[in-house]
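Working notes for the structure below.
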Amino acid sequence: MLVPIKWLKKYVDINVDDKELAEKLTMSGSHVDSIINLKKDIKNIVVGKIISVEKHPHADKLQVTKVDIGNKDLLQIITAAKNIKVGDLIPIALDGAVLADETKIKDTIFRDLLSQGMMCSYQELGFDDKLIPKEFKDGILILGNEAEIGQDISKALDMYGNILDIEITFNRPDCLSIMGIAREAAATLNTKFKYPEIKIKEECNNIKDYFNAVEIQSEDLCDRFYTRVVKDVKVGPSPQWLQRQLMDSGMRPINNIVDITNYVMLELGQPLHAYDLDKLEGRKLVARRPIKGETLITLDKVERKLDEDMLIIADANRPVGIAGVMGGYDSEINEDTKTMLIESASFNSKSVRSTSKKLGLRSEASARNEKGLNYSYVRDACERVCQLIELLGVGKVVKGNFDVGKTSYEKPVVKLRPHRVEMLLGVKIEINKMLEILNKLEIESIYENDVIVSKIPYFRQDIKQEADLIEEVGRIYGFHNIESKPLQGIILKGRKSEKRETEDYIKDLLTGLGLMEITTYSFISPKAYNNICASENDELRKYIKLLNPLGEDYSIMRTTLIPNMLDVICRNNNRGVSKAYLYEIGNIFIPKQIPVNELPEERSTLCIGMYGECDFFSLKGIVEQIMDRLGIKFNVKPIKDNTTFHSGRTAGLYVGDDLVGIFGEIHPDVLEKYDINYKVNVAELSIEQILKYKCMERKLKALPKYPAVLRDIAIIVKDNILIGDMQKIIKLTDDNKIEEVKLFDIYKGDKIDEGYKSVAFSIKYRNNEKTLTDEEVNKIHQQVLNNLQKEFGAALR
Amino acid sequence: MKNKLLNIKNLALEQLNQSKNIDELERIRVNFLGKKGELTQVLRAMGGLSKEERPIVGKLANEIRKELEENIKNAKLAIEKSLKDIKLKEETIDVTIPGKFNSIGRRHPLMQVKEELENLFLSMGYDVVEGPEIDTVENNFDALNAPEDHPSRDMSDTFYLSDNILLRTQTSPVQIRIMKTQEPPIRMVSAGRTFRFDDVDDTHSPMFHQMECLVIDKGVTMANLKDSIDKFVKQLFGDEMKTRFRPHNFPFTEPSAEVDVSCLKCMGKGCEFCHGTGWSMELLGCGMVHPNVLRNCGIDPEIYSGYAFGMGVDRVTMVKYGINNIRLLFENDARFLKQF
């Protein structure tokens, strides 16, 4: 909301400078986003009067003018402007002038004739294009006749002072008006608030001579409908002061009638509409729901389809306006309008909002109407318009009005127990101070029987209960005046869930292992499942769709973290990063049914992704380290049928038969889809499963007292025999005395038959009870070999 | 005899002086002090001396032996030391060659800040709790006293999965979950992912992170809220930070305020960055829990009161690390991640 301070000053005494005013308003709840200074960076531009206009002797498109700027001699100015005539008052940039865009003006010769300066447009004076009245948009600015010859243009256009740009919160539609802000300022500064005196001097004829009736048919959508008639209307441009005031408030002047209704809307917050009475059929207006199939061409010349949830204003035969949103084109006032009808009404805010949304049509009026104004301003606003019409002499106000709906207002009562103020704010405020604050805000309040009884005015519908009054007292008293006090009570140490503790622990491990954490969106594109080559009936494809996504890329809730990981790797790869080891812990979303009608399961999941200077075993090493630190005993089996992964380089991580996760090299087809030219290894592990199996209890195991014996064994086995299986068989040969089985060599090549490999293990033997003898070790070692022969057909090398 | 001894001594010392390695030293030792060495032989010949001479010569011989032994030992140490020096010199390396290491990983800057904030509150006695990213309209709006026609409920503001299920737009529904299931006193903090219908630009992302704090107890006041926020801001940004409480409106608190902190660029002096105000705008929103919200969760506002405050983790992260574009947080460029 733009609030010119000079306008504000008409309704409230302001005893501080503009900066302090902004600060004080901010601290009482009207947040001033910025202070805009009206002064423009222009120099040496004055008001001049055109004395003569003649054609340029050597150029068809140029004119030679003589201009009076109050000096002895007239200036000769050559111009291409078309909208000027003798007698017009014009901004003249003199020799040495500077325009808003920093252009410097000098005396110049145009086709043999001297031009002593330049005529200016609004743009050249620094005004925003969208605020400039249509008639001056493409031409020279012609000033109103109150301008004085020779006067500085900044003075003539009153380009002085500051505007406050104030953020208005959802609960305070009353502050979408100069009056509302004035009321706040009065309470904040503890100064006098002045409501304008609304009075029409002369009324003629009778409204009934022009119009028969106004009627509310849909009472749920319209509270009050108030109308007046004005005759002998003279539609034309508004006086300059009015135009400038609207421009400073961010509105473009249109014509005197529209400008007056806009002025009153800005002043009081009540939107209004003016109809050309002669274009209304049947001398009647009705607020009703549309009949099926009805349409309306609105002011912006667009045909709107109306539906039965909307509210329209209709004459006897057809719609003439969409209530609270925009009027109809047909009944719009224009230069030919002689008699008009002014509408001021209170519409159902929800209905205005949904209508405006459905039609994709927002206006200054709908922005106010959708926030819920009350019917009590309806009359004042309409009367104020009539008053201004009379004041500007652009029409004669007809006696009488039509006023239907709720015409009186009973102020609801809210009670405030003074001690509750201290209980909530933590500061003691005198009862008299509370009464003063509330009454200053025009909330009539008295203290009786130990409570403050407040009558809530029509413009403060946000106040519904005691806490709301406490806020009013608190904010005007000033939150900054409340002294901080530490919390009382017993303080326990905060706790974290086991799940979070575990996740944080895993993150610490991964950081230590050299991985970087990534954060990606919870929603992904359904195409991701094609990219990771998930089969048509893959469980992963049972995902939840967003009803209103921001485009396909963010349209479903992820059921795996792998696509995001590959996206990140792809991006890094594209940007020339030659290696990255990454991980993310995030949720996947598993619906209980589709479409969803209850909350889905959110499963915390760990995804690791690595590329560059690493292989399957780098990843496996990391997975093993984590499992080891979490105390999870696991086994690893090849997985050949996951279409995202390489069929020969992928493993499942199991605890017993329970699959905890999968890890391996990404399938080349998938890499091709992501256009990644490195081998990528990815793991995806379920945090839920990890939580189920983790065992973080540590108990001391006594250090060995007796020495260990190391023996190597080298065997030849068929190529397809798994190392893990052999290790298991070796260990189980004597689980107590074989402490460790380490692989130290695998060899395939010249000296080994094709289809076979040579494998060498180093076995650590130890007896915890006594020193092992050579003989004992030999015996077990022989048994190891026997078992390997028996199980795998191994031969000693 | 005496002269003979002195001659032996001088000869030995001269040889020692010229010796260059351990082997030579050993040879000298054997030659003079060994079983068949010259000094030993002289001593053996002492039998032929008179009773008076014997102790004098004996004493001299022993002194010479001691002196020679001492000298041999020193010479040996000197040679050993010079050998070590040579070796050390040979082993000299270029210490400016970069070190070898396995690079330590990094936490994502957002997660670092999130955890830092959580830890701060853990130490002040708040429980860290989590809630689902997908929640009900009831928890996200209704129970939080959001007016039925509040624009934040629109499909142009909120992502919906069905009529009554949405992607939470704030971490506040976690408050509701806790208040509905726990008896006061409550002290909790909850941080996590939140979602709003915003196109991606420099400062907006459809997914972002919020953190929420809630305290419910008997006699909790706005003065307590101010104290908690003051302490929190000072711990986060430093003791010189000031806070400013500006009245605002949120459906779930009454009274409500927005909190500005000293401009981080100029520390409150006023600069271009803060438009001369000295304040960095809207770090967090806060207020006293609305009585309707308490009632919705079965807590009697006549007995209990409480405060809540929340902030954007992304914003705090960006301010803290000087990150000027929110996209960087979600692109996960390794060269970006490495910096934190």
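Residue numbers start from 1 in every chain, and the chains themselves are labelled A, B, ... in the order their sequence lines are given, proteins ahead of strands. Just so you know, these numbers come straight off a predicted model, no measurement behind them.
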### Task
If the plane angle is over 60° it's perpendicular, under 30° parallel, otherwise tilted; pick one for Phe523(A) and Tyr521(A).
perpendicular

Are the aromatic ring centres of [X] and [Y] under 6.0 angstrom apart?
X         : Y         : value
Tyr126(B) : Phe121(B) : yes
His150(B) : Phe141(B) : no
Phe195(B) : Phe208(B) : no

### Where Ile608(A) and Ile622(A) come nearest, the two heavy atoms and their spacing
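Here Ile608(A) and Ile622(A) meet closest at CD1-CG2, 4.0 Å.
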
### Query
Any idea which heavy atoms bring Val137(B) and Ile165(B) closest together, and the distance?
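Nearest pair, atom of Val137(B) first, then Ile165(B): CG2-N, 4.2 Å.
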
#### Entry: Residue pair Leu337(B), His108(B): steps toward the side-chain contact (heavy atoms from CB on, under 4.5 Å) verdict
CA-CA 6 Å; Leu337(B) 297 174; His108(B) 191 283; 3.6 Å; yes

So which part of [X] gets closer than 4.5 Å to some heavy atom of chain A, the side chain, the backbone, both or neither?
X         : result
Asn119(B) : side chain
Ile104(B) : both
Asp135(B) : both
Met155(B) : both
Leu167(B) : side chain
Ser103(B) : backbone
Arg193(B) : side chain
Phe250(B) : neither
Val200(B) : side chain
Glu331(B) : both
Lys338(B) : both
Gln112(B) : neither
Pro185(B) : neither
Tyr307(B) : side chain

Report yes or no: do [X] and [Y] form a side-chain donor-acceptor pair below 3.5 Å?
X         : Y         : result
Ser484(A) : Asp230(B) : yes
Arg246(B) : His31(A)  : yes
Ser522(A) : Glu133(B) : yes
Glu503(A) : Ser604(A) : yes

Please classify the contact between [X] and chain B as side chain, backbone, both or neither, with a heavy-atom cut-off of under 4.5 Å.
X         : result
Asn171(A) : both
Leu546(A) : both
Glu602(A) : side chain
Ile35(A)  : neither
Ala467(A) : both
Arg172(A) : neither
Pro595(A) : neither
Arg571(A) : side chain
Ser30(A)  : neither
Arg575(A) : both
Lys371(A) : neither

Looking at [options], which makes the most heavy-atom pairs under 4.5 Å with chain B?
options                                    : value
Ile518(A), Asn587(A), Thr519(A)            : Thr519(A)
Val568(A), Leu599(A), Thr169(A)            : Leu599(A)
Gln465(A), Glu370(A), Lys357(A)            : Gln465(A)
Val427(A), Asp567(A), Asp504(A), Asn564(A) : Asp504(A)

### Query
Top residue by heavy-atom pair count (under 4.5 Å) with chain A, among Pro251(B), Pro109(B), Ser256(B)?
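Ranked by heavy-atom pairs under 4.5 Å with chain A, first place is Ser256(B).
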
### Query
Do Lys507(A)'s NZ or CZ and the ring of Tyr583(A) fall within the cation-pi criteria of under 6.0 Å and 45°?
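No, cation not above the ring by the 6.0 Å, 45° rule.
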
### Query
If you measure from the Lys or Arg side-chain nitrogens to the Asp or Glu carboxylate oxygens, is any gap between Arg558(A) and Glu584(A) under 4.0 Å?
yes

### Query
Does the pair Glu115(B)/Arg107(B) count as a salt bridge with the N-to-O cut at 4.0 Å?
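Result for this pair is yes, salt bridge flagged.
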
### Side chain to side chain, Lys545(A) and Ser555(A), heavy atoms closer than 4.5 Å
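They are not in contact (no side-chain heavy atoms under 4.5 Å apart), so the answer is no.
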
### Within 6.0 Å of NZ in Lys428(A), more than 12 heavy atoms from elsewhere
no

